[in-house]
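Structure, as structure tokens:
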Amino acid sequence: MGFLKNSWYVAAWSHEVTDQLFRRKILNSEILIYRRENGTPAAVANLCPHRFAPLHLGRIKGDFVECGYHGLQFDGAGNCVHNPHGDHSIPKAAKVRSYPLVERHNILWIWPGDPALADPEAIPDYSYLVDKKHKTIYGGKTLMANYELIVDNLMDASHTQYVHMDLLGTDAFTRSKHEVIQEGTTVHSNYLIPGGEVPLAYKPYFDDPNELVDYSVNFRWQAPARVRNSVSLIPIADPNRGIRRTGTHVMTPETDLTTHYFFCHTRDFKLDDVLLDERTRMWQQSGLSEQDGPMVEAVQKAMGTVTDINSLKPALFSIDTAAVRVRRVLAKLIKDESESQLAKEAPRDSGATVLVAEQ
């Protein structure tokens, strides 16, 4: 189906990009990210236009990137600013593509589409990640699967009873109530699991890990692949206690069949508990690397090079409602964007009739 290009994607966590050249493939394009001398980030295509050497094999020179093959230097806008050869003239072709890049809330956001449409005001508000009243534990991994399969997995919490039985399983799941709500292009998948034991992953958060709680898990998807889930566990014996935390999951396609998965968990309690930090990292690692990741990758392997699971006509159940809704919304957004681009590129002579094929 392709990608929604006119949108902000996570290129990296801020701490991933230091004073060294950083490369990452995003939407099938090799991109180089670096920091200027004042720390502001820049992103350009990772390819010198001279002999097509990858620019990450070069070095940073002040605010510029120097190609490691012949020493041409490029600024953050992709302009060649230095040619050390001959009369030092710079041909018009000596330019690389640059990408709008904004650093906000410990995230580097990149816009792979039309630069003229890149509005920083459209970057989602993740300010809670850097709020001093919260503690955030970061993680990330590249999965060998299409990004929509990962979104499917997140929007369907029923899998936690099987894939994450040891960490998130609860005896009360059979009593759970599930609702799917769509607000514009935003899709919510909300679960309420009443009167059950505290799942193992959350027991360290409670002074009495054996008390019964009402457990709610709410997922919110926004295009193209941003999922935020809010978790609360409220003791039945005392509703004034309990815990709430936020999970942030952002998928950036690397290729059609691989995905950079950025995730973190944020809490507003026990902010200085180092042991709790480490436990969070451990179950993040276990949950993704040993459970979700292998399962989603196995699904992609079974599908081969197919990226649209619906084209294989899968059996559908009520638990799939949210994932199906998300796929429909995203497909329409991609279709609308494609048709808009075709209209822009169409010939404009007075007798022309433009036909846009149905997708």
Side-chain angles (χ1 to χ4, degrees), residues 4-50 53-69 71-84 90 94-132 134 136-140 142 224-226 248 250-254 260-264 266:
L4 188 67
K5 294 183 178 180
N6 289 321
S7 184
W8 291 103
Y9 287 85
V10 173
W13 295 122
S14 288
H15 60 258
E16 291 185 275
V17 181
T18 58
D19 58 352
Q20 303 296 312
L21 295 174
F22 180 88
R23 62 186 286 218
R24 177 156 278 161
K25 181 178 283 189
I26 296 174
L27 276 62
N28 290 314
S29 296
E30 285 280 355
I31 296 174
L32 184 73
I33 303 173
Y34 74 100
R35 292 189 182 276
R36 303 176 180 89
E37 289 187 310
N38 65 2
T40 59
V44 296
N46 187 25
L47 196 68
C48 180
H50 172 222
L55 287 174
H56 77 269
L57 297 177
R59 59 198 63 81
I60 298 176
K61 285 291 189 72
D63 287 345
F64 311 129
V65 174
E66 182 178 88
C67 178
Y69 199 2
L72 298 176
Q73 292 182 9
F74 300 88
D75 65 14
N79 302 304
C80 182
V81 296
H82 177 62
N83 167 24
I90 299 174
K95 184 177 176 62
V96 296
R97 178 181 177 182
S98 65
Y99 294 83
L101 188 71
V102 176
E103 186 166 24
R104 189 173 294 174
H105 307 145
N106 204 28
I107 299 172
L108 294 177
W109 295 94
I110 194 167
W111 182 276
D114 183 349
L117 301 178
D119 179 8
E121 294 302 313
I123 294 174
D125 182 8
Y126 284 177
S127 56
Y128 61 89
L129 298 182
V130 295
D131 186 341
K132 292 182 179 180
H134 293 81
T136 297
I137 305 300
Y138 296 88
T142 299
R226 301 191 296 264
T248 304
V250 186
M251 282 57 66
T252 297
E254 179 186 45
H260 302 300
Y261 181 7
F262 301 91
F263 58 87
C264 58
T266 304

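Values in this document were obtained by computation on a predicted structure and should not be read as measured data. Values below: every heavy atom of this structure, side chains too, minus hydrogens, waters and symmetry copies.
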Gap between atom [atom2] of [Y] and atom [atom1] of [X] - 0.5 Å precision:
X    : Y    : atom1 : atom2 : answer
L72  : C80  : CG    : SG    : 5.0 Å
L57  : L55  : CG    : CG    : 8.5 Å
L27  : E254 : CG    : CD    : 10.5 Å
M251 : Y9   : CE    : OH    : 11.0 Å
S29  : Y99  : OG    : OH    : 4.0 Å
I110 : S7   : CD1   : OG    : 12.0 Å

Taking side chain as C-beta onward, heavy atoms only, is [X] less than 4.5 Å from [Y]?
X    : Y    : answer
R226 : P124 : yes
C264 : N106 : no
V250 : Y126 : yes
V44  : I31  : no
V10  : W109 : yes

Would the H15 and Y138 ring centres measure less than 6.0 Å apart? yes

Would W8 and W111 count as a close aromatic pair, with their ring centres under 6.0 Å? yes

Residues which pass side-chain hydrogen bond (donor to acceptor under 3.5 Å, both in side chains) with T248, listed by chain and number, not counting sequence neighbours: Y128

By side-chain hydrogen bond (donor to acceptor under 3.5 Å, both in side chains), D75 pairs with (sequence neighbours left out) N79

With L32 as reference, evaluate V96, L21, L47 under the side-chain contact (heavy atoms from CB on, under 4.5 Å) test and give the passing residue. L21

Verdict with supporting geometry, I123 and V102, side chain to side chain contact (heavy atoms under 4.5 Å, CB included): CA-CA 9 Å; I123 294 174; V102 176; 3.7 Å; yes

On a heavy-atom basis, which atom in [X] and which in [Y] lie closest, and how many Å separate them?
X    : Y    : value
S98  : G78  : CB-N, 4.1 Å
P41  : E103 : CD-OE1, 3.8 Å
D125 : H105 : OD1-CE1, 3.6 Å
D19  : I60  : O-CD1, 3.5 Å
P120 : A118 : CD-O, 3.4 Å
R35  : S14  : NH2-O, 3.2 Å

Could you list all the side-chain hydrogen bond (donor to acceptor under 3.5 Å, both in side chains) pairs where at least one residue sits in residues 112-123, not counting sequence neighbours? none

Output every pair passing side-chain hydrogen bond (donor to acceptor under 3.5 Å, both in side chains) with a member in residues 56-68, not counting sequence neighbours, ordered by first then second residue. R23-H56, N46-H56, R59-E66, K61-E66, E66-Q73

Do other residues, nucleotides or ligands put more than 12 heavy atoms under 6.0 Å from the NZ atom of K5? no

Within the side chain of Y69, is there an N or O that forms a donor-acceptor pair under 3.5 Å with the backbone of G58? no

I'd like to know if the side chain of T136 and the backbone of T266 have a donor-acceptor N/O pair within less than 3.5 Å. no

Basic-acidic side-chain contact under 4.0 Å: R24, E30: no

Going through the checks in order, is the side chain to side chain contact (heavy atoms under 4.5 Å, CB included) test met by V65 and Y34? CA-CA 8 Å; V65 174; Y34 74 100; 3.4 Å; yes

Partner residues of F64 under the ring-ring contact (aromatic ring centres under 6.0 Å, His included) criterion, sequence neighbours left out: none

Those residues at least two apart in sequence (or on a different chain) that pass salt bridge (charged side-chain N to carboxylate O under 4.0 Å, His left out) with R104 are none

Check the orientation of W13 and F262. Use parallel for under 30°, tilted for 30 to 60°, and perpendicular for over 60°. perpendicular

